[in-house]
There are 2 protein chains.
Amino acid sequence: MANMLVFGHKNPDTDTIASAMAASYLINHIYHLDSEAVALGTPNAETEFALNHFGLDALRVVDNADTEEVWLVDHNETAQSVDNLTDVTVSGIFDHHKINFQSAAPMWLINKPLGSVATVLFYEFQNAKLDIPAHLAGMMASAIISDTLLLKSPTTTPMDKPALEALAEIAGIADYEAYGLELLKAGTDLSSRSAKDLIDGDAKSFDMNGQTVRIGQVNTVDVEEVFARRDEIVAAMTEEMTADNYDTFILVVTNILDSDSDILVLGDNLSTVEKAFDTTLVDGRASLPGVVSRKKQVVPPLTDTFNA
Amino acid sequence: MANMLVFGHKNPDTDTIASAMAASYLINHIYHLDSEAVALGTPNAETEFALNHFGLDALRVVDNADTEEVWLVDHNETAQSVDNLTDVTVSGIFDHHKINFQSAAPMWLINKPLGSVATVLFYEFQNAKLDIPAHLAGMMASAIISDTLLLKSPTTTPMDKPALEALAEIAGIADYEAYGLELLKAGTDLSSRSAKDLIDGDAKSFDMNGQTVRIGQVNTVDVEEVFARRDEIVAAMTEEMTADNYDTFILVVTNILDSDSDILVLGDNLSTVEKAFDTTLVDGRASLPGVVSRKKQVVPPLTDTFNA
């Protein structure tokens, strides 16, 4: 059994799974460690598509770390990690988020504001002159596609495209745009998901000037497919707002092909939301052309307007 | 004027100065930023030797950051930085210490437990395929020599030697061992330094099971040269212990040529110190063969014994 676990955040996405695999491979080969990549949950539909495509099994799922040392990928905050993180030593981190971390000793912490952690790791492999196996390159390419929405999200940086191109070649992906669309579509099969799962799957809560604003996001290739289930979704949002005392609930429905979103807004502060996006809500709904990133395009204007 | 400052810690040493220069050059060329390397103090004798050798001026000294964004090198903790650090945005960090940092947004944080930050930066230049100017390579080589005591300190890692060899070649240093000895000796001209400066220059305080232990370190090529000034040094240590309520004061006098140290210990807990190093203090003095690193060889056994 490995004496070190490598894992990403809870509710794992493709970047968290691929980066755990890549980081474990990297540190085993470069630092001669004996690590195992694991996951804090089962793969989502998109990740499952990628694993199947490259003939890989899902990672073993753990709730707690049972090794003394661990490496984290795609997160560095305790709340997003294993429940017993404070009982173990974090020897290294590969990430691309804001930092909120303390260590007792010098450690590896490679955090770069790039499109995906897979991009960060690609350059670490290059740096170490370590070849990337084809199946791993395929997962890393999938992670870049997933986190950057095929290089279209505003979180995309100039370092992501060369990494994706190189990884696609190693993985034998002849046309990464075609593969990428298939991958993203695999993550948007919403028919099998409950309304509660849709609004919860990727939701985060934000305090905005004393108001609790819940923001969920659903990726799709057909926005109307989601709004066809409007009544069901509104019921689930309303129930959750009451149960968890959210003041406002915003569901961002993103068309990954057109790089546009529609929002559905319930609760208080509707005029504040209208002002933030310079739009008018009709039955709680509005179109936000060009908006795909919650982190870069939804949260900042809301925060500014709530605080104005 | 540059719109971004890059600087290392207070009481700058050669690695902090060289890394500020290297990081500023790197980010200006790779990220096309407009940064200036500055220092939080004047160069010590060793750094001055290196600057003179490579025909460079000392960095401009600042107390506060007067740009909105800054990059830190060789430190990440607020207490070691500019006084107004909390008023500015830290956009990036290159470091090799333990981590104690929070950011509001995704950022660059490259922390690796290597011998020097100059080593970390050498591999970032390689990664970016960016040539290092000869004078900068000379400063970076000096930093590696300084922080690893010519690759002899136990903080030395397998990544330091190849970096030093490559940098020495770029800098036109024909024999880096000969240059390194000259550099280290330049930092050990103790005759011009007051006793207070000797005990304070590199001292840090540690809480060990409720006892405040002050540990200073002086590098020399002749341990007896330091002990010839014993009365003067004991007086300075005693005065400081009283003024600052230290329970124990340990001065580590390190012979950088032989890689050995003698310690001089005043105050309480003398038997604990003896036990930690399995030695006997004679007039408060003992020899510790093979000990050169406070971080790796002095603090850990003391901490263990105080807590036993």
Side-chain angles (χ1 to χ4, degrees), chain A residues 26-27 30-32 69 71-72 74-78 89-117 119-130 147 153-159 162-163 293 295-296 299-300 303, chain B residues 26-27 30-32 69 71-72 74-78 89-117 119-130 147 154-159 162-163 206 293 295-296 299-300 303:
Chain A
L26 180 77
I27 65 178
I30 300 300
Y31 309 144
H32 307 290
E69 287 183 59
W71 281 60
L72 311 183
D74 204 20
H75 73 297
N76 69 83
E77 305 203 43
T78 312
T89 299
V90 179
S91 302
I93 299 175
F94 294 105
D95 198 3
H96 68 148
H97 289 97
K98 69 188 174 77
I99 298 289
N100 183 6
F101 192 78
Q102 290 189 15
S103 71
M107 60 173 296
W108 299 86
L109 198 172
I110 320 291
N111 192 82
K112 300 183 178 181
L114 308 180
S116 73
V117 180
T119 310
V120 176
L121 282 160
F122 169 75
Y123 291 102
E124 291 296 314
F125 274 89
Q126 282 221 316
N127 206 3
K129 297 183 177 63
L130 179 64
D147 259 32
S153 162
T155 57
T156 310
T157 70
M159 296 182 82
S293 167
K295 181 163 70 171
K296 289 226 170 187
V299 172
T303 306
Chain B
L26 180 77
I27 66 178
I30 300 299
Y31 310 144
H32 307 290
E69 289 183 60
W71 281 61
L72 310 183
D74 203 19
H75 73 297
N76 69 83
E77 305 202 42
T78 311
T89 299
V90 179
S91 301
I93 300 174
F94 293 105
D95 199 3
H96 68 149
H97 289 96
K98 70 188 173 76
I99 299 288
N100 183 5
F101 192 77
Q102 290 191 15
S103 72
M107 60 173 295
W108 299 86
L109 198 172
I110 320 292
N111 192 82
K112 300 183 178 181
L114 308 181
S116 73
V117 180
T119 310
V120 176
L121 282 160
F122 169 75
Y123 290 102
E124 291 296 314
F125 274 88
Q126 282 221 318
N127 206 6
K129 298 183 175 61
L130 179 64
D147 261 30
T155 58
T156 310
T157 70
M159 297 182 82
F206 299 84
S293 168
K295 182 163 70 173
K296 290 227 170 188
V299 172
T303 306

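Quick note on labels: first sequence line is chain A, next is B, and so on, each numbered from 1. Since we're looking at a predicted model, the values are computed, not measured. Keep in mind that the numbers below use all heavy atoms, side chains included, and drop hydrogens, waters and symmetry copies.
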The complete set of salt bridge (Lys or Arg N to Asp or Glu O under 4.0 Å) pairs with one or both residues in residues 101-114 of chain A, sequence neighbours excluded, reads Lys112(A)-Glu124(B)
Scored by heavy-atom pairs under 4.5 Å with chain B, the best of Met107(A), Gln126(A), His97(A) is Met107(A)
Honestly, the part of Leu114(A) sitting under 4.5 Å from a heavy atom of chain B is side chain
Output for pair (Leu109(B) CG, Leu109(A) CG), nearest 0.5 Å, gives 5.0 Å
All heavy atoms of Lys98(B) vs all of Ala104(A), minimum pair found to be CD-O, 3.4 Å
Only residue of Ile99(A), Asn76(A), Asn100(A) satisfying side-chain contact (heavy atoms from CB on, under 4.5 Å) with Phe101(B) is Ile99(A)
